[in-house]
Protein chains: 2
Amino acid sequence: MAANVHPIARNAAPSLEPMVQLVAADLNHVNKVILARMQSEVALIPELAGHLIAGGGKRMRPMLTLACARLLDYPGARHHKLAAAVEFIHTATLLHDDVVDGSGLRRGKRTANIIWGNPASVLVGDFLFSRSFELMVEDGSLKVLKILSRASAIIAEGEVDQLTAQRRVETSEDHYLDIISAKTAALFAAACRISAVVAERDEAVEEALDSYGRNLGIAFQLIDDAIDYSSDSDTMGKGVGDDFRDGKVTLPVILAFARGNEADRRFWREAMEGSRASDADLAHATGLLRSTGAIDDTIARARHYGRRAIDALGPFCGGKAKSALVEAVEFAVSRAY
Amino acid sequence: MAANVHPIARNAAPSLEPMVQLVAADLNHVNKVILARMQSEVALIPELAGHLIAGGGKRMRPMLTLACARLLDYPGARHHKLAAAVEFIHTATLLHDDVVDGSGLRRGKRTANIIWGNPASVLVGDFLFSRSFELMVEDGSLKVLKILSRASAIIAEGEVDQLTAQRRVETSEDHYLDIISAKTAALFAAACRISAVVAERDEAVEEALDSYGRNLGIAFQLIDDAIDYSSDSDTMGKGVGDDFRDGKVTLPVILAFARGNEADRRFWREAMEGSRASDADLAHATGLLRSTGAIDDTIARARHYGRRAIDALGPFCGGKAKSALVEAVEFAVSRAY
């Protein structure tokens, strides 16, 4: 598929491995903080949180905090607690997302809301969110608290915005980019930015890392959107066509709708409104997405943001950390192949 | 009903009016902060939040912050933003509570989850919660951030604990008190305590106000529990017997179960498990609650905590603020009559 789109890197199979290795020792510390701080005398809390936290997540966001700190040669350990706080915010939003979307499967496992019910997922999400702020308070940086409380508010705004846009196939590409900038990219940006704060670097460094994280986050989300229509549930860890069946308007649909004829547009409208959710409908949708080039161009858009992420690292000296951060972007945008 | 339980005060009808008047000017400022900071470009956020925030809440918690600050002769304005933060946390938990309980009515109005759906309620709750932390960060006191992030985690723990205890009629009085100390009293305590922080008073003052708020919060919740079985939906703003129909084990039920015979206990077990939820069942339950003295004794327990709240104010000089805080307790425990 899509042989006309060239990967950014020459490397045939970019991977997260260099970043994983770069931060392995630090990530061990972060995992200890996560494990220690998700405990509670209320047994259901560690049980439910553990299902998601121990359940095969890539720890992408805390890894970004750690890798950016390495890029800046930060010698301390403050970022361990803060990376755990970032992961708690992410986990809280996942728990709430699954309730909001009524999802049944995440990372190939049954979701917490299916196993323990929506009420438990909502409340344990609240707990993890509160706990993340406790961790930040222990660290004591008002600047970090400001960055992450702002990011959290933006994430929630983005989620509500997406809820409003849901099933509205007329959502514009601009509006959709606003949504994913908020709901996905804001936490990527914050995760990277806080490393500059703990390393006590200037505003320009903060902004560069923020830009790296933000653009990577957008690229990441767009590739996820493409994968939902082009992968199988084994690689994806969620069902193919979930977005389609949920009436979730993503960039592939926005492009295919814009490029379609009247019949196509009627189909997309009906599909997003929920009256076209069969396997045959999904197959028809996938056909339209391919024939209009919507999947390829979603991936091309993702690569654009990926390139911007890499260019944001321009001011920093080369080395293992920078290479790992660059390859993380290449990995992110290569996942759809 | 319950002529054998004497009110704490001689005043026939204690009211919140003295506290309302004491803090009226300050509360105006708080309301302005609340209104300004619940705004968002995503229109659904102020729409949904406004429904609850403008919808007839008593602003009990922010009023406590303001009244305690008056008690301490705090001359500044920092507490306006912080009282708004407290109200945002409270509103976020209400939004999530209504989703968790599947409630349809609050303060006599349809709940947000009924009007806009559970997803919107979950996400707008998250937004308000994040916004509350942004307000605290703007204030800049790590001590306040610590108090309120800790309280938020404790509230969530209490809510999950209650979820676990739900429908378990064997819940002990001790366990139930732990639950309401966490889910209700922790925020009352924090709301009062932070006034001592902004007024830069010592730990003993912080602890006294924390104790006042905590005991008032417990009293408040216990009276709410009693009212659910003894009031009408007009005064209460929610349906009578909601707790009963939801299988919510509260102190009246715990006492009636402990004091009942085998048949009574079987009834309570079936009722809390949800197989006895008719109006006739509710009438039978109310009969058992009265005959075992469970309602009266729940009110007596509330009065015990009310007295402790008032005694916690012992170290403070008399005056309008202290009188208002004392009468707020008397009002809280008098509501069941």
Side-chain angles (χ1 to χ4, degrees), chain A residues 40-45 48 89 92-93 95-97 99-102 116-164 166 178-179 182, chain B residues 40-45 48 89 92-93 95-97 99-102 116-164 166 178-179 182:
Chain A
S40 163
E41 282 179 20
V42 181
L44 179 55
I45 290 176
L48 193 157
I89 291 174
T93 64
L95 285 171
H96 288 185
D97 273 2
V99 170
V100 165
D101 295 342
W116 289 280
N118 284 341
S121 287
V122 170
L123 297 174
V124 174
D126 289 348
F127 173 81
L128 292 174
F129 197 54
S130 304
R131 192 42 63 87
S132 80
F133 279 93
E134 286 194 271
L135 284 164
M136 290 178 238
V137 170
E138 286 170 26
D139 174 69
S141 162
L142 278 167
K143 204 164 183 187
V144 167
L145 274 156
K146 183 175 181 173
I147 291 166
L148 284 171
S149 60
R150 180 90 198 101
S152 299
I154 288 172
I155 291 167
E157 272 182 312
E159 303 267 11
V160 179
D161 199 7
Q162 181 163 55
L163 203 62
T164 316
Q166 202 169 18
D178 287 344
I179 291 172
Chain B
S40 163
E41 283 179 20
V42 181
L44 180 54
I45 290 177
L48 193 156
I89 291 175
T93 64
L95 285 171
H96 288 184
D97 273 5
V99 170
V100 165
D101 295 343
W116 291 279
N118 284 340
S121 288
V122 169
L123 297 174
V124 175
D126 289 350
F127 172 80
L128 292 174
F129 197 54
S130 305
R131 194 40 64 87
S132 80
F133 279 94
E134 286 193 271
L135 284 164
M136 291 178 239
V137 169
E138 286 171 24
D139 173 70
S141 162
L142 278 167
K143 206 164 181 187
V144 168
L145 274 156
K146 183 176 181 172
I147 290 165
L148 285 172
S149 60
R150 180 90 198 100
S152 300
I154 288 172
I155 292 166
E157 271 182 313
E159 302 267 12
V160 179
D161 199 7
Q162 179 162 56
L163 202 63
T164 317
Q166 201 170 16
D178 286 345
I179 291 172

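This is a predicted model, so every value here is computed, not measured. In what follows, chains are A, B, ... by sequence order, proteins preceding strands, each numbered from 1.
- Annotation: maximal heavy-atom pairing with chain B below 4.5 Å, among A/Val122, A/Ile154, A/Val99, A/Thr164, occurs at A/Val122.
- Within the 4.5 angstrom heavy-atom criterion, only side-chain atoms of A/Leu163, from C-beta onward, approach chain B.
- Looking at A/Ser40, both its backbone and its side chain come within 4.5 Å of chain B, counting heavy atoms on both sides.
- With a 4.5 Å cut-off on non-hydrogen atoms, A/Asn118 does not touch chain B at all.
- Chain A forms more heavy-atom pairs under 4.5 Å with one residue of B/Arg131, B/Glu159, B/His96 than with any other, namely B/His96.
- Ring geometry, A/Phe133 versus B/Phe133: the interplanar angle falls under 30°, so the pair is classed parallel (tilted spans 30 to 60°).
- Taken from CG in A/Asp178 to CD in B/Glu41, the straight-line distance is 8.5 Å, to the nearest 0.5 Å.
- Test B/Val100, B/Ile155, B/Thr93, B/Asp126 against A/Asp126 for side-chain contact (heavy atoms from CB on, under 4.5 Å) and you get one pass: B/Asp126.
- Within the structure, every pair that satisfies the salt bridge (Lys or Arg N to Asp or Glu O under 4.0 Å) test and touches residues 136-148 of chain B, not counting sequence neighbours, is listed here: B/Arg37-B/Glu138, B/Arg78-B/Asp139, B/Lys81-B/Glu138, B/Lys143-B/Glu206.
- Annotation: ring-ring contact (aromatic ring centres under 6.0 Å, His included) contacts of A/Phe127 (sequence neighbours excluded): none.
- The candidate from A/Ala151, A/Ser149, A/Ala156 with the greatest count of non-hydrogen atom pairs under 4.5 Å with chain B is A/Ser149.
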